[in-house]
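Order of appearance sets the numbers: ligands from 1, and atoms from 1 within every ligand. Keep in mind that this is a model prediction, so the values were computed, not measured.
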Amino acid sequence: MGTLPFSPLVVVVVFSLLFSSCFALTSHEAAAIARRQLLNFEQHGDHVHIDIDIKIRISNPRLLAAHRALHALKEALYSDPTNFTGNWVGPDVCSYNGVLCVPSLDNQSVSAVASLDMNGADVAGYLPREIGLLADLAVLHLNSNRFCGVIPEEIKDMAQLYELDVSNNRLVGAFPDPVLRVPKLSYLDIRFNDFEGPIPPELFLKPYDAIFLNNNRFTSGIPHTIGKSTASVIVLANNDLGGCIPASIGQAAATLDQFIFINNSLIGCLPVESGLLGNATVFDVSHNLLTGTIPPTLDGLTKVEQLDLSHNTFTGLVPRYICELPALTNLSVSYNFFVGEDAKCSSMLDAKHGKSFEDEANCLGSARPMQRSGGECAPAVSHSVDCSKTKPCGWPAPAQKLAPKRAKHSPPPQPPPPATVLSPAPPAPVLSPPSPVFSPPPPTTSPPPPAVSPPPPIMPPPPPIHEAVILPPILGSRYQSPPPPQFAGY
Ligand SMILES: *[C@@H]1O[C@H](CO)[C@@H](O)[C@H](O)[C@H]1NC(C)=O
Ligand SMILES: *[C@@H]1O[C@H](CO)[C@@H](O)[C@H](O)[C@H]1NC(C)=O
Ligand SMILES: *[C@@H]1O[C@H](CO)[C@@H](O)[C@H](O)[C@H]1NC(C)=O
Ligand SMILES: *[C@@H]1O[C@H](CO)[C@@H](O)[C@H](O)[C@H]1NC(C)=O
Ligand SMILES: *[C@@H]1O[C@H](CO)[C@@H](O)[C@H](O)[C@H]1NC(C)=O
């Protein structure tokens, strides 16, 4: 039905008047948008049709399909306060705001839509099924909008899609499995949404270069397949994964550059295999419930610049070899239960050398400022976990030495109890004085280690267009989506 001359335009205008100053959606609005998406899905059944509107003459079938897709997307918008799609009219899709066309891969004399960049457009709406008609798209940037609902199955039809960034929206549901079937995907950024449930083990078997899952609601642990990952950047921060860091992590050594697992209720010991990550420049496991001592293997982190073990329940000593890691610029061991540290640590890592060392809120006594009280330290220190007696994944060995008095009534997975229970104050992952986790681009002091493998936008299209919109790189992977502006209500 040739519904192209939109009545929805009126709706769009009205809503933009109503909401142009209103950044966030209420839950009610988000739900309404999600309902519209469902309706859209039902109407289509399993097929997406390309309406041929005789008034619109587009001889190139690729652009005709793109026209259908873009208009479906425009119709699925509930609010477009900046009039981003205002010029999405007429047959020339290549002139639409945010759209970039290039000669198609298989026929240089015809154009194809290679990139759609709506970063920061602040539109609200859902992703219609027709989006899959953008079969030549290599780059899809939708970050910092108010897309609700789910990622449609049809995204798998984007046979050329290389970079997908839907971060900082209000997408929901389980991990969006359809993205795993996008054949050429390399850069996956779904951070700052409301995805929930487990991370599929399959994710880490894909040949992706960058995986950003931070600030969602993922649970159920870190899949053991993580060791098979070829990504240079894996950011899982600010979910609630729980469980321990799989020992397999060491197998990712060849490619893993940034390993960021902040604030995930992780338990158990740091696996000795972490020390195999000889190409990692960022190693951040802060704000978890990790226990035990620093494994001696960590001297293998010879490229690490940022090493953050803070806000856990580590015990034992901060050994000299950690502080002497050759590339280290920032080391934090704050908010743990360390009872000693090498004297060199604070002198080698100081502002004078452009480096930082943080060790407050440990059990270092009067030797160092701002330490925990003896009363706070005693129980944790006396219950310190012996990592050599724990199973590889950090679970305590079968209840023998660790808890001789207790019967093994508790099912095996029982987080090592020490400080967690006893000291009330310490590792509350709530407060975050020293870690403005990813909101503003962390002022990457150390020149962002140009990600090990600069993702080559080899596909047909040029690299990320509209450089100005793309904003500054964060932790060094080559393309970084803008940091999420914090919408009220997030
Ligand atoms: C939106 O943009 C279009 C095309 O640039 C323009 O014709 C229209 O007047 C704009 N609408 C508003 C409400 O600014
Ligand atoms: C490329 O597209 C043009 C225009 O549609 C067509 O005339 C030509 O035959 C195509 N070439 C190939 C190799 O398919
Ligand atoms: C830690 O993650 C939870 C979600 O799992 C989030 O609510 C909380 O704000 C995060 N804490 C910090 C300091 O970012
Ligand atoms: C680090 O990367 C280089 C270059 O890709 C590779 O040769 C080396 O084996 C990697 N190091 C580790 C510890 O895997
Ligand atoms: C690293 O240390 C330097 C020097 O103290 C500091 O300016 C910078 O903010 C630190 N970087 C991070 C990521 O903490």
Colleague: Just how far is it from atom CG of Leu73 to atom CG of Leu142, taken to the nearest 0.5 Å?
Modeller: 7.5 Å
Colleague: Calculate, to the nearest 0.5 Å, the distance between atoms CG and CZ belonging to Asn119 and Phe84 respectively.
Modeller: 8.5 Å
Colleague: Considering the heavy atoms of Asn279, write down every atom of ligand 4 situated less than 4.0 Å from one of them.
Modeller: 1 (C), 2 (O), 3 (C), 8 (C), 10 (C), 11 (N), 12 (C)
Colleague: Could you tell me whether Lys303 and ligand 4 have an N or O pair separated by under 3.5 Å?
Modeller: no
Colleague: Using a cut-off of under 3.5 Å, which N/O atoms of ligand 2 pair up with protein N/O atoms, and what distance separates each pair?
Modeller:
unit_1	atom_1	unit_2	atom_2	d
ligand 2	2 (O)	Asn107	ND2	2.4
ligand 2	2 (O)	Ser109	OG	3.4
ligand 2	11 (N)	Asn107	ND2	2.7
ligand 2	14 (O)	Asn107	ND2	3.2

Colleague: Show every disulfide (SG to SG under 2.5 Å) that has at least one partner inside residues 60-124, sequence neighbours left out.
Modeller: Cys94-Cys101
Colleague: Does Cys387 have any side-chain contact (heavy atoms from CB on, under 4.5 Å) partners at least two apart in sequence or in another chain, and if so, which?
Modeller: Cys269, Thr390
Colleague: Hey, is the main chain of Asn107 close enough, under 3.5 Å, to the side chain of Ser104 for a donor-acceptor pair?
Modeller: yes
Colleague: Pairs in or reaching into residues 273-309: which pass disulfide (SG to SG under 2.5 Å), with residues at least two apart or in two chains?
Modeller: none
Colleague: Does Asn169 reach the main-chain N or O of Arg146 with its side chain, forming a donor-acceptor pair under 3.5 Å?
Modeller: yes
Colleague: Any nitrogen or oxygen of Asn83, main chain or side chain, under 3.5 Å from a nitrogen or oxygen of ligand 1?
Modeller: yes
